[in-house]
Amino acid sequence: MAKPIPKIGSRRNGRISSRKSARKIPKGVIHVQASFNNTIVTVTDVRGRVVSWASAGTCGFRGTKRGTPFAAQTAAGNAIRTVVEQGMQRAEVMIKGPGLGRDAALRAIRRSGILLSFVRDVTPMPHNGCRPPKKRRV
């Protein structure tokens with residue numbers, strides 16, 4: 001039978017190290033996904049590997065408070081604080097979704113001191129694809 005391949009950071013092969021603090025990232029990409037119910041901020045390096053992330057839910061907001069601009073601002077601040085400590089100076093911002101947290105998250109990113117090379121809206125727009133659900137009658 002074939003021998004199983006050990007994982008990179010497993011205890012068996014003796015390489016235990018905190019990879020998050022070891023990596024120095026000068027440039028990265030900040031993805032903001034703002035829905036009506038929550039805002040998720042993910043910071044990746046240029047290759048797309050996730051370095052840090054936060055959402056309004058992980059910051060302690062529950063229920064309808066997760067969709068507020070203040071919750072999005074807090075989530076963006078928490079996600080960026082860790083990567084600034086790792087040495088990130090420049091970033092690109094990709095914003096997706098129609099939520100209330102779009103502008104608030106972008107404002108928090110601008111205030112963090114990271115130089116933004118560009119801000120791009122990557123909200124998926126249908127070219128008249130699927131038929132929308134019928135209108136609600138309340």
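- The two atoms that bring Ala108 and Gln73 nearest to each other are CB-O, 3.7 Å, heavy atoms only.
- The shortest non-hydrogen separation linking Lys24 to Gln86 is CD-O, 3.5 Å.
- The heavy-atom pair separating Thr68 from Thr64 by the smallest distance is CG2-O, 4.0 Å.
- The shortest side-chain heavy-atom distance between Val51 and Met88 does not fall under the 4.5 Å cut-off.
- Clustering ILVMFWY residues whenever any of their side-chain heavy atoms sit less than 4.5 angstrom apart, transitively, puts Leu106 in a cluster other than the one holding Val29.
- With Val93 as the partner, the side chain to side chain contact (heavy atoms under 4.5 Å, CB included) test is satisfied by one option alone out of Ile114, Asp121, Ile109, Val41: Ile109.
- Residues Ile25 and Val46 fall into different hydrophobic clusters, defined by Ile, Leu, Val, Met, Phe, Trp and Tyr side chains chained together at heavy-atom separations under 4.5 Å.
- No chain of hydrophobic side-chain contacts below 4.5 Å, direct or via other Ile, Leu, Val, Met, Phe, Trp or Tyr residues, connects Val122 to Val32.
- Evaluation of the side chain to side chain donor-acceptor pair (under 3.5 Å) rule for Asn78 yields Arg81 as partners, not counting sequence neighbours.
- The hydrophobic clustering, which links ILVMFWY residues whose side-chain heavy atoms are closer than 4.5 Å, places Val50 and Ile40 apart.
- Annotation: side chain of Arg102 is in contact with side chain of Thr123 (closest heavy-atom distance under 4.5 Å).
- In this structure, Ile95 CD1 and Arg120 CZ are separated by 12.0 Å, a value rounded to the nearest 0.5 Å.
- For Asn37, the side chain to side chain contact (heavy atoms under 4.5 Å, CB included) partners are Ser35, not counting sequence neighbours.
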_side-chain contact (heavy atoms from CB on, under 4.5 Å) between Val119 and Arg110, intermediate numbers included_ = CA-CA 11 Å; Val119 179; Arg110 283 230 168 92; 4.1 Å; yes

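- Here the closest non-hydrogen pair linking Ala56 and Asn38 is CB-OD1, 3.2 Å.
- The minimum heavy-atom distance between Ala72 and Gly101, with the atom names listed, is CB-CA, 3.4 Å.
- Counting only heavy atoms from C-beta outward, the side chains of Gln33 and Thr42 never approach each other to under 4.5 Å.
- Taking Ser52 as the reference, Thr82 meet the side chain to side chain donor-acceptor pair (under 3.5 Å) condition, with sequence neighbours excluded.
- The heavy-atom pair separating Lys65 from Ala71 by the smallest distance is O-CB, 3.4 Å.
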